[in-house]
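One structure below.
Keep in mind that what you see is a predicted model, and the values were worked out from it rather than measured. Proteins get letters first, then strands, A, B, ... in listed order; numbering begins at 1 in each.
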Number of protein chains: 2
Amino acid sequence: MNATRERILAATAHILSRRGVAGTRLADIAAHADLRTPAVYYYFTSRNDLVAEVMRDGQRRVREHVHNAITSAPPESPVIELIEAAVEAHLRIELELSDFASAVTRNAGQLPPGIAESLHLESAAYHAIWRNLLEALAESGQLRTGLDIGIARMLIIGALNWTAEWWNPEHDSLDTLIATAQSIVRSSLTSS
Amino acid sequence: MNATRERILAATAHILSRRGVAGTRLADIAAHADLRTPAVYYYFTSRNDLVAEVMRDGQRRVREHVHNAITSAPPESPVIELIEAAVEAHLRIELELSDFASAVTRNAGQLPPGIAESLHLESAAYHAIWRNLLEALAESGQLRTGLDIGIARMLIIGALNWTAEWWNPEHDSLDTLIATAQSIVRSSLTSS
DNA sequence: GTCTATAAGTAGATAGAC
DNA sequence: GTCTATCTACTTATAGAC
């Protein structure tokens, strides 16, 4: 596509994921993309449009990355292993691979009205992936009994999303974090 | 203490917990406290000072509420039941009892430099409570083997904190949320 | 396509009356 | 103690040159 446009999007994701929606200035975005502020308006009609596109793109990247991890698992994999693959994919895209992804999780809750709605479809599609995984686990008979499947899904995704708030690569390796998260998710969902 | 000062603090917590740090305007705070903006400066030297006090107060309230839940548990309670009491207390103070508490969890990650440091001591004291609980569980021999205790703590607190982003009382009752969270935490930490 | 210059609006903070 | 009036700084957005 257009290189400058992509650079502006990447700069926005970078700053959004660190400073938050309301703390993200067009001047900072432009500086990070090696431009002056007005140049942004050649590619985007407003700050809100730019932010909205980054958020939608970020949510799409998370969904695609997790989706790929699930569909590229060995055929006939037990459902719980697909769930563990999803845990790893979610953490890697969020913490290691993409500012777009962390921009979404760190800002989804405090978006101005217009942007929130524009994200809704993408967000619903992502949650549908997890809902399907948990329903498949229930159908396989391995889900721990008495668990509210919708609440469990949100608690798990919450634990994963919150890592963006505290994880420090100098303190814990990403591999250790992933292994611990997988262990906790497996143990909390299954009975064995 | 001073009623007006308290009203300003409460108004700030209310708006902070809904709109985020950078989205919180002094004019909105003043209006919610039934005052004009300059009156705020009679009680606080700056917007940052006001926000910092609300955040420290919120973190203190969470810590005290959880601490009380633990110490008022029946004597000789098994550690895992203290942990379940802590889960309930954290969710209740956050979702039901205090705008100050939700102001903390929804903004802790994106605070301007000055405020972040002023919250550090309170925040460390709260995490120490959970660290003690998990260490006691390990010493009792009931902690699942091979679990990184520090990462597990952050994943659990993250799952609880994230509820502020999605929980809707019209969709799930708080009691159901608490029971599900307790079940998941117990199952993820213990082997039985 | 990207710039300089600037308009228009908004937010934090202060001055001083009451 | 709280107000009205105002200052200053900052941010989004536009105009128009190059």
Close side-chain approach of A:Val62 and A:Val104, heavy atoms under 4.5 Å: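 The answer is no, as the side chains (C-beta and beyond) never meet within the 4.5 Å cut-off.
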B:Leu50 vs B:Ile29 side-chain heavy atoms within contact, under 4.5 Å: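 The answer is yes; the side chains approach within 4.5 Å.
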Within residues 17-35 of chain B, residues whose heavy atoms come under 4.0 Å of DNA chain C: B:Thr24, B:Arg25, B:Leu26
Stretch residues 39-49 of chain B: residues that reach within less than 4.0 Å of DNA chain C through a heavy atom: B:Tyr41, B:Ser46, B:Arg47
A:Arg61 to A:Phe100, cation-pi by 6.0 Å centre distance and 45° axis angle: yes
May I ask you to say whether [X] pairs ionically with [Y], meaning some side-chain N is under 4.0 Å from a carboxylate O?
X        : Y        : result
B:Asp99  : B:Arg106 : no
B:Glu53  : B:Arg5   : yes
B:Arg131 : B:Glu135 : no

Side-chain H-bond candidate by donor/acceptor type, A:Ser183 with B:Arg144, under 3.5 Å: yes
Whether B:Ser77 side chain and B:Pro74 backbone form a donor-acceptor pair below 3.5 Å: yes
Partner set under ring pair (Phe, Tyr, Trp, His ring centres under 6.0 Å) for A:His127, not counting sequence neighbours: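 Counting only residues at least two positions away or on another chain, A:His127 forms no ring pair (Phe, Tyr, Trp, His ring centres under 6.0 Å).
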With sequence neighbours excluded, residues passing ring pair (Phe, Tyr, Trp, His ring centres under 6.0 Å) with A:His65: none
Test side chain to side chain contact (heavy atoms under 4.5 Å, CB included) applied to B:Met154 and A:Glu165, step by step: CA-CA 10 Å; B:Met154 295 308 293; A:Glu165 303 286 337; over 6 Å; no
Taking every non-hydrogen atom, the tightest pair across A:Leu147 and A:Leu143: CD2-CD1, 4.3 Å
Start and end of chain A contact along DNA chain D [non-hydrogen atoms, under 4.0 Å]: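 Under 4.0 Å from chain A, the extent on DNA chain D is D:dT11 to D:dT14.
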Could you pull out the protein-nucleic contacts involving nucleotides 4-7 of chain C (nitrogen or oxygen on both sides, under 3.5 Å)?
none

